[in-house]
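So that the names make sense, note that chain A is the first sequence line, chain B the second, and so on, each numbered from 1. Predicted model, so just to flag it, every value in this text is computed and none were measured.
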Number of protein chains: 2
Amino acid sequence: MGTASTHDTHACVRSDAALTRAFTILGKRWSAVVLGSLRSGPAGFRELSRAIDGLSDSVLSDRLSELTKEGLIARTVDAGPPVSVSYELTECGKALMPALHQISEWAEKHLSFEEG
Amino acid sequence: MGTASTHDTHACVRSDAALTRAFTILGKRWSAVVLGSLRSGPAGFRELSRAIDGLSDSVLSDRLSELTKEGLIARTVDAGPPVSVSYELTECGKALMPALHQISEWAEKHLSFEEG
DNA sequence: AGTGCTGCTTTGATTTTCCTAGCAAGTATG
DNA sequence: CATACTTGCTAGGAAAATCAAAGCAGCACT
């Protein structure tokens with residue numbers, strides 16, 4: 001087949017723009033894990049740092065900024081006196097939770113957890 | 001401190017091991033997009049390269065190797081003469097599609113597509 | 001004052017990703 | 001054979017992301 005026109009435009013669109021856009025955010029190391037950690041409620045910087053093993057403060061700071069900028073989480077400052085900061089999911093962020101949960105279940109079923 | 005008082009195991013497990021493991025794979029740039037591109041059926045290297053805009057050959061090669069090693073996709077060589085290679089989702093990879101689809105829908109609803 | 005908590009930022013080193021080429025092999029022309 | 005174009009990759013090196021560790025300011029407890 002295909003001898004007629006070589007440069008046709010029926011590319012079948014294997015590429016999914018929405019998925020690509022989503023993974024501009026989620027495709028960064030730790031983004032999704034940070035979001036997942038916020039699933040059970042608001043948390044402070046140090047709490048997240050402690051909860052997520054392997055993630056350094058500088059990267060956590062970056063992810064938190066990006067996620068806030070993208071509107072997935074919100075940063076709230078309570079000027080105490082002991083000033084405390086807390087991060088929590090926005091509606092947008094919450095809407096992602098079912099998908100994250102599904103991925104989590106997929107991982108448990110299909111992935112091995114001993115890796116080098 | 002806090003002899004018998006402080007509730008030390010207050011950790012609430014914010015960290016999700018399965019999610020963390022999943023995003024050891026998916027959290028790499030282009031992994032999920034490559035998988036998504038394979039959802040409509042097998043494809044060759046060049047076809048994927050053309051379909052996914054912005055992804056370079058060297059990175060595609062990396063992702064394909066990793067995804068194959070992790071068992072999400074399979075590489076099949078048909079020694080022609082015109083030798084042709086095709087990649088396709090394994091059962092494991094297919095099982096991830098619903099989640100990817102959900103993320104795609106989430107992106108369409110909640111994300112803006114004009115970004116800098 | 002000393003120690004530890006909080007929320008970050010800064011400093012390099014290491015790793016990953018990216019872009020530009022290029023290779024080997026096959027097909028299609030002439 | 002030569003040229004041109006395909007396929008499936010790999011190499012080199014630069015740019016960006018990630019890393020661990022330390023530092024800093026503010027507040028609390030002792």
- side-chain N/O Arg50(B) vs dT6(D) OP1/OP2, d < 4.0 Å: no
- Would you indicate which nucleotide in dC18(C), dT18(D), dC8(C) comes nearest to any side-chain atom of Phe45(A)? dC8(C)
- Message: Rounded to whole Å, how long is the line connecting atom NZ of Lys28(B) with atom C1' of dC18(C)?
- Response: 15 Å
- Quick note, side chain to side chain donor-acceptor pair (under 3.5 Å) partners involving residues 87-100 of chain B, not counting sequence neighbours, are Arg75(B)-Tyr87(B)
- Message: Under 4.0 Å, heavy atoms only, any strand: does Gly54(B) hit a base, just the sugar-phosphate, or nothing?
- Response: sugar-phosphate
- Message: Does a side-chain N or O of Trp30(A) approach OP1 or OP2 of dA17(D) to a distance below 4.0 Å, or not?
- Response: no
- Message: Quick check: closest heavy atoms across Asp53(A) and Trp30(A), and the distance to 0.1 Å?
- Response: O-CH2, 3.6 Å
- Task: Mind checking side chain to side chain donor-acceptor pair (under 3.5 Å) for Arg50(A) and listing every partner two or more places apart, or none if nothing turns up?
- Result: none
- Please report, rounded to the nearest Å, how far the P atom of dT6(D) is from the CD atom of Glu47(B). 14 Å
- Query: Does anything in residues 57-67 of chain B reach DNA chain C, meaning a heavy atom under 4.0 Å, and if so which residues?
  - Reply: Ser58(B), Val59(B), Arg63(B)
- Query: For dC8(C), does either OP1 or OP2 sit under 4.0 Å from a side-chain N or O belonging to Tyr87(A)?
  - Reply: yes
- Message: In this structure, how many angstroms lie between the P atom of dA20(D) and the CZ atom of Arg29(A), rounded?
- Response: 10 Å
- Indicate yes or no: does Arg29(B) engage Asp62(B) in a salt bridge with an N to O separation below 4.0 Å. no
- Whole-Å distance between dC27(D) C1' and Arg46(A) CZ? 15 Å
- Message: Between Asp16(A) and Arg21(A), does the salt bridge (charged side-chain N to carboxylate O under 4.0 Å, His left out) criterion hold? Intermediate values first, please.
- Response: CA-CA 9 Å; Asp16(A) 180 337; Arg21(A) 171 79 178 97; over 6 Å; no
- Task: Step by step, work out the salt bridge (charged side-chain N to carboxylate O under 4.0 Å, His left out) result for Glu66(B) and Arg63(B).
- Result: CA-CA 5 Å; Glu66(B) 288 166 9; Arg63(B) 286 306 94 95; 3.1 Å; yes
- Any side-chain N or O of Arg75(A) under 4.0 Å from OP1/OP2 of dC8(C)? yes
- Query: Can you list the steps and then say if Met97(B) with Leu89(B) is a side chain to side chain contact (heavy atoms under 4.5 Å, CB included)?
  - Reply: CA-CA 10 Å; Met97(B) 292 303 106; Leu89(B) 296 171; 3.9 Å; yes
- Whole angstrom is fine here: how far is it from CG in Leu48(B) over to P in dT6(D)? 17 Å
